[in-house]
Amino acid sequence: MIKAILFDYDDTLVQTRKTRYNTIYKLSEELFKTKITEKEIDAAWGLPAEEFLLKLFGRFSSDIHYLWSIYIEFSKKDLNLPHLNAFDFIDKYKNFVKFGIVTSSSEKVVIRELNELEVDTNLFLQIQTSDHTAVHKPNPNVFEPIFGLLKNKNISKNEIIYIGDSPADYESASRFGFHFLGIAHDDRHLPYFQTGEIPFVRNFLELEDYLIRHYGFV
């Protein structure tokens, strides 16, 4: 029986890749007078927040506070968008299971975006960001803090499922001992899930159906 559902944030609950690539293109052109490529962003995508910014813009400035300030400034102009039915699903089942988020994004970005989307952060037992751990996905120990909270509520590893969109999500969750379900909103990591015979869904309507059929989720 599933008693807790943990989510990745970027590209699982919200459309960060689509939104933030545009932010990065604008920032690099307007401030640094250069055209950053999609390949360069791909190489940095998924890194912990500060490493991400330094990978992209470290050649222009090593001042992480400056990079944060300009990134936040530009990102406020491009509001992130939720994936269809993502937060409706969480609201529907909030009284039946514990929900949480484990992400490599920074706390200030995630909380700001959830507030902009008018999502009640109290829906989540914990929103664990890159600020909370010294390790990050695909290191399985990234789940230690949030599992500690769930363990205190008598929830064991085999009663927890982690839902994410990337190989790092699968590798960290499965090695830690959680159930895992991929969510492939686009085709980027679809071959990885298919060739590895890793269970996945394409959207939140399929997610709800999968949990009902495979875990007796109600």
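Follow the hydrophobic side-chain contacts under 4.5 Å out from Tyr215 and you reach Ile212 in the same cluster. The hydrophobic cluster containing Ile72 also contains Leu56, counting ILVMFWY residues as joined when their side-chain heavy atoms lie under 4.5 angstrom apart, directly or transitively. Residues Tyr93 and Ile101 share a hydrophobic cluster, clusters being chains of Ile/Leu/Val/Met/Phe/Trp/Tyr side chains in contact below 4.5 Å. No chain of hydrophobic side-chain contacts below 4.5 Å, direct or via other Ile, Leu, Val, Met, Phe, Trp or Tyr residues, connects Leu125 to Leu211. In the hydrophobic cluster analysis, where Ile, Leu, Val, Met, Phe, Trp and Tyr join through side-chain heavy atoms closer than 4.5 angstrom, Leu67 is grouped together with Leu31.
Using bins of under 30°, 30° to 60° and over 60° for the plane-to-plane angle, the ring pair Phe7/Phe204 lands in the tilted bin.
Annotation: cation-pi pair Lys55/Trp45 absent, no NZ/CZ under 6.0 Å from the ring centroid and within 45° of its normal. Relative to the six-membered ring of Phe176, Lys157 meets both conditions, a distance below 6.0 Å and an angle of at most 45° to the axis.
Closest non-hydrogen pair, Ile127 versus His132, comes out as O-CE1, 3.5 Å.
Ring-centre distance between Phe200 and His189: not below the 6.0 Å cut-off.
Between Ile2 atom CD1 and Ile160 atom CD1 the span is 8.5 Å, to the nearest 0.5 Å. One distance of note links CZ of Phe99 with CG of Leu123; it measures 8.5 Å at 0.5 Å rounding. The structure places CG of Leu13 at 10.0 Å from CG of Asn80, a figure rounded to the nearest 0.5 Å. Rounding to the nearest 0.5 angstrom, the gap separating the CZ atom in Phe89 from the CG atom in Leu207 is 4.5 Å. For the atom pair CD1 (Ile36) and CG (Leu27), the distance works out to 9.0 Å, reported to the nearest 0.5 Å. Residue Ile41 holds its CD1 atom at 9.0 Å from CG of Asn22, rounded to the nearest 0.5 Å.
The side-chain heavy atoms of Thr103 and Val110, taken from C-beta on, include a pair separated by under 4.5 Å. No side-chain heavy atom of Asn85 sits under 4.5 Å from any side-chain heavy atom of Asn203. Side-chain contact between Asp63 and Phe57 is absent, with no heavy atoms from C-beta onward closer than 4.5 Å. Within the 4.5 Å cutoff, no side-chain heavy atoms of Val201 are placed close to those of Phe193. For the pair Phe52 and Ile24, the minimum side-chain heavy-atom distance is below 4.5 Å. Proximity of Ile5 to Ile163: side-chain heavy atoms (C-beta onward) are separated by under 4.5 Å at one or more points. Trp68 has its side chain within reach of Ser106: a pair of non-hydrogen atoms, C-beta onward, lies under 4.5 Å apart. In this structure, Arg202 and Ile183 have side chains that are not in contact, with every pair of non-hydrogen atoms separated by 4.5 Å or more.
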Candidate pair Arg213 and Glu208, rule salt bridge (Lys or Arg N to Asp or Glu O under 4.0 Å), full reasoning: CA-CA 9 Å; Arg213 285 187 294 107; Glu208 184 174 14; over 6 Å; no

Worked verdict on Val119 versus Phe124 for side chain to side chain contact (heavy atoms under 4.5 Å, CB included): CA-CA 10 Å; Val119 173; Phe124 303 98; 4.3 Å; yes

Side chain to side chain contact (heavy atoms under 4.5 Å, CB included) between Lys26 and Asp78, worked out: CA-CA 10 Å; Lys26 292 175 188 174; Asp78 298 314; 2.9 Å; yes

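Side chain of Gln15 to backbone of Pro82: a donor-acceptor contact under 3.5 angstrom is found. Between the His136 side chain and the Leu47 main chain, no donor and acceptor come within less than 3.5 Å of each other. Formation of a donor-acceptor pair under 3.5 Å by the Thr12 side chain with backbone atoms of Tyr9 is not found in this model. Between the Ser172 side chain and the Ala168 main chain, a donor and an acceptor come within less than 3.5 Å of each other.
Checking Asp131 against Thr129 by side-chain atom types alone, a donor-acceptor pair falls below 3.5 Å. Side-chain contact annotation: Ser105 with Asp10, donor-acceptor N/O pair under 3.5 Å present.
The side chain to side chain donor-acceptor pair (under 3.5 Å) test applied to Asp88 returns no partner, not counting sequence neighbours. With sequence neighbours left out, the side chain to side chain donor-acceptor pair (under 3.5 Å) criterion links Glu40 to Thr37, Arg59.
Arg188 pairs in a salt bridge (Lys or Arg N to Asp or Glu O under 4.0 Å) with only one of the listed residues (Asp11, Asp165, Asp42), which is Asp42.
A salt bridge links Glu116 with Arg112: the distance from a Lys NZ or Arg NE/NH1/NH2 to an Asp or Glu carboxylate oxygen falls below 4.0 Å.
Applying the 6.0 Å contact sphere to NZ of Lys77 captures more than 12 heavy atoms from other residues, nucleotides or ligands.
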Using a 3.5 Å cut-off and no angle test, enumerate the donor-acceptor pairs between side-chain atoms of residues 137-151 and protein atoms at least two apart in sequence or in another chain.
from: Lys137; atom 1: NZ; to: Asp8; atom 2: OD1; distance (Å): 3.0
from: Lys137; atom 1: NZ; to: Val102; atom 2: O; distance (Å): 3.4
from: Lys137; atom 1: NZ; to: Tyr162; atom 2: OH; distance (Å): 2.9
from: Lys137; atom 1: NZ; to: Asp169; atom 2: OD1; distance (Å): 2.8
from: Asn139; atom 1: OD1; to: Asn141; atom 2: N; distance (Å): 2.9

